[in-house]
Amino acid sequence: IAVELERAPWSSRPVVWIGAGVLVLVAVTAVVIFVLTDRPPVPDSPAGIAFARASEAEAAATLLVVEGDGSNARPLEGAPKGIEDPAWAPDGSRIAFIKEGDLYVMDIDDSEIYQFTSTPEDEDHPAWSPDGTEIAFGRGEPSDIWVMNADGTDYRPLTDTPVEDENGPTWSSDGSKIAFRWASALGASSDIYVMNSDGSDPQPLTSDPLREVAPAWSPDGSMIAFRRAERIYVMNEDGTGPHEITIAEADAAGLHFEAAPEWSPDSSVVIFEGASSRDAPTDIYRLDADGTNLRRLTSTPEWEFGPTW
């Protein structure tokens with residue numbers, strides 16, 4: 001069988017290429033130069049909202065894309081089944097995701113898929129730095145926050161706690177800080193923390209008796225969305241002013257379970273998964289950051305979850 005070897009165009013390491021049913025280990029050498037700015041501009045949304053869809057009949061989730069207004073839902077070409085935690089690169093040219101506990105990146109132009117991790121531990125919740133040069137993610141159980149270059153090289157831990165659980169990283173707009181979910185050893189408390197992007201100086205942003213998870217930093221850097229209990233909240237980037245944004249319109253729409261908030265590229269809209277109860281199938285919703293204009297973007301009997309914009 002003749003096989004043409006290719007490499008990830010951004011890669012300088014051996015990667016696993018998945019295409020046409022063939023796994024190929026490719027050793028390559030490349031030089032990549034990244035230009036950093038103090039505050040990267042907020043990107044447009046060239047790719048739409050990606051999300052996963054699964055059903056009782058088909059548990060292996062399919063990756064779909066929908067426009068910001070809910071129109072034109074379609075499968076993302078080339079994406080495999082059975083993925084979790086999709087995350088767009090800032091320019092929309094790549095998407096990271098988890099499959100069977102490992103972290104992959106897919107090139108949108110040619111649908112080539114590159115496996116970046118292969119460890120006994122599970123990875124979760126990949127998050128791109130604003131300049132697209134690094135990917136933070138959770139690893140292990142209990143989980144720690146790790147980071148790697150966007151070509152899959154030089155992965156290293158940012159937290160290293162033997163019993164506490166840290167996951168769900170999200171970057172500040174200038175890339176200098178990472179917010180994440182911190183949970184105590186016995187799971188009695190769960191709060192939102194922030195640290196420098198090198199892992200130093202972790203500090204709590206919340207300390208509420210209710211469990212707080214799934215932080216999402218707005219692209220303009222001013223706000224952090226998160227889930228408290230089963231509702232979506234927003235607070236200032238320094239942890240002040242937390243307030244629920246979904247209560248009025250969500251109650252009117254019959255939503256009593258909300259999770260996985262993410263922001264629109266212009267920081268004006270929060271998208272999330274919502275359902276009538278914790279056990280009911282979830283759909284994707286959007287809501288203005290001020291708590292108005294709730295809109296349902298998907299409406300199927302299946303589970304739709306993990307939106308990324």
Side-chain angles (χ1 to χ4, degrees), residues 49 51-56 59 61 70 84-87 98 124-125 127 138 141-143 164-170 179-184 186-194 204-218 223-236 239-264 269-309:
I49 299 170
F51 62 94
R53 173 183 287 169
S55 66
E56 292 184 359
E84 301 176 85
D85 301 337
I98 303 298
D124 57 39
H125 297 98
E141 183 62 43
S143 180
E164 289 85 3
D165 189 85
E166 297 101 7
N167 68 8
T170 179
F180 59 96
R181 190 288 303 267
W182 174 92
S184 62
L186 299 178
S189 61
S190 177
D191 294 302
I192 307 303
Y193 271 58
V194 66
L205 292 178
T206 67
S207 58
D208 193 272
L210 297 175
R211 293 178 59 83
E212 294 152 330
V213 300
W217 216 311
S218 63
M223 298 171 287
I224 297 175
F226 62 99
R227 175 183 161 199
R228 174 181 288 172
E230 297 184 348
R231 293 295 198 181
I232 304 301
Y233 280 68
V234 167
M235 62 183 169
N236 297 324
T240 61
H243 58 282
E244 184 179 344
I245 63 170
T246 52
I247 183 168
E249 295 212 10
D251 281 349
L255 286 179
H256 301 291
F257 173 79
E258 300 144 19
E262 290 289 342
W263 291 89
S264 63
V269 172
V270 176
I271 57 174
F272 60 95
E273 58 189 66
S276 58
S277 71
R278 175 180 286 272
D279 298 325
T282 50
D283 285 301
I284 308 301
Y285 290 79
R286 61 173 286 167
L287 182 72
D288 288 355
D290 63 3
T292 61
N293 298 321
L294 178 70
R295 296 181 61 182
R296 188 174 184 173
L297 300 183
T298 66
S299 181
T300 74
E302 300 166 308
W303 277 263
E304 283 128 356
F305 54 94
T308 175
W309 198 342

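Any value given below was found using the heavy atoms of this structure, including those in side chains, with hydrogens, waters and symmetry copies removed.
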Rounded distance (nearest 0.5 Å) linking atom CD1 of I192 with atom CZ of R227: 11.0 Å
message: Could you report the tightest heavy-atom contact between A289 and I245, atom names first, then the distance?
response: O-CG2, 3.7 Å
query: Can you tell me how far CD1 of I98 sits from CG of D124, rounded to the nearest 0.5 angstrom?
result: 6.5 Å
- request: Mind checking the CD-CG spacing from E249 to L255? Nearest 0.5 Å is all I need.
  value: 10.5 Å
task: Without swapping roles, check the side chain of D290 against the backbone of T292 for a donor-acceptor pair under 3.5 Å.
output: yes
query: In Å and rounded to the nearest 0.5 Å, what is the CE to OG1 distance from M235 to T206?
result: 5.5 Å
field: Student check: side-chain heavy atoms of R286 and W309 closer than 4.5 Å
entry: yes
statement: Heavy-atom closest pair (A52 atom, A61 atom, distance to 0.1 Å) is CB-CB, 4.0 Å
- prompt: E273 side chain to A260 main-chain N or O, any donor-acceptor pair under 3.5 Å?
  reply: no
- prompt: Below 4.5 Å, heavy atoms only, C-beta onward: do P307 and I284 meet side chain to side chain?
  reply: yes
message: Looking at every heavy atom in both A127 and P169, which two are closest together, and how far apart are they?
response: CB-O, 3.3 Å
message: To the closest 0.5 Å, what do you measure between OG (S264) and CG (L287)?
response: 11.0 Å
task: Establish, from distance only, whether the side-chain atoms of S277 and D279 form a donor-acceptor pair under 3.5 Å.
output: no
query: Got T246 and Y285 here, is their nearest side-chain heavy-atom distance under 4.5 Å?
result: no
field: Side chain proximity check, S190 to R181, heavy atoms < 4.5 angstrom
entry: yes
message: Please determine whether a side-chain nitrogen of the Lys or Arg among E230 and R278 lies less than 4.0 Å from a carboxylate oxygen of the Asp or Glu.
response: yes
Nearest heavy atoms of N167 and D165, plus distance in Å: ND2-OD2, 3.9 Å
Side-chain donor or acceptor of D191 paired with backbone N/O of W182 under 3.5 Å: no
- prompt: So, do D251 and H256 sit near enough that their side-chain heavy atoms are less than 4.5 Å apart?
  reply: yes
- prompt: If every non-hydrogen atom of P86 is compared with every non-hydrogen atom of G306, which pair is closest and at what distance?
  reply: CG-O, 3.3 Å
task: Check the pair W217 / V194 against side chain to side chain contact (heavy atoms under 4.5 Å, CB included), numbers first and verdict last.
output: CA-CA 11 Å; W217 216 311; V194 66; 3.9 Å; yes
query: When rounded to the nearest 0.5 angstrom, what is the spacing between OG1 in T282 and CZ in F272?
result: 11.0 Å
query: Taking the side chain as C-beta and beyond, is there a heavy-atom pair between L205 and E212 under 4.5 Å?
result: no
- prompt: Any side-chain heavy atom of M223 sitting closer than 4.5 Å to one from W263?
  reply: yes
field: Min side-chain heavy-atom separation E304-F51 under 4.5 Å
entry: yes
- prompt: Side-chain donor-acceptor pair under 3.5 Å between T298 and D283, yes or no?
  reply: yes
- line: Heavy-atom nearest pair, Y233 first then E244, reads CD2-N, 3.3 Å
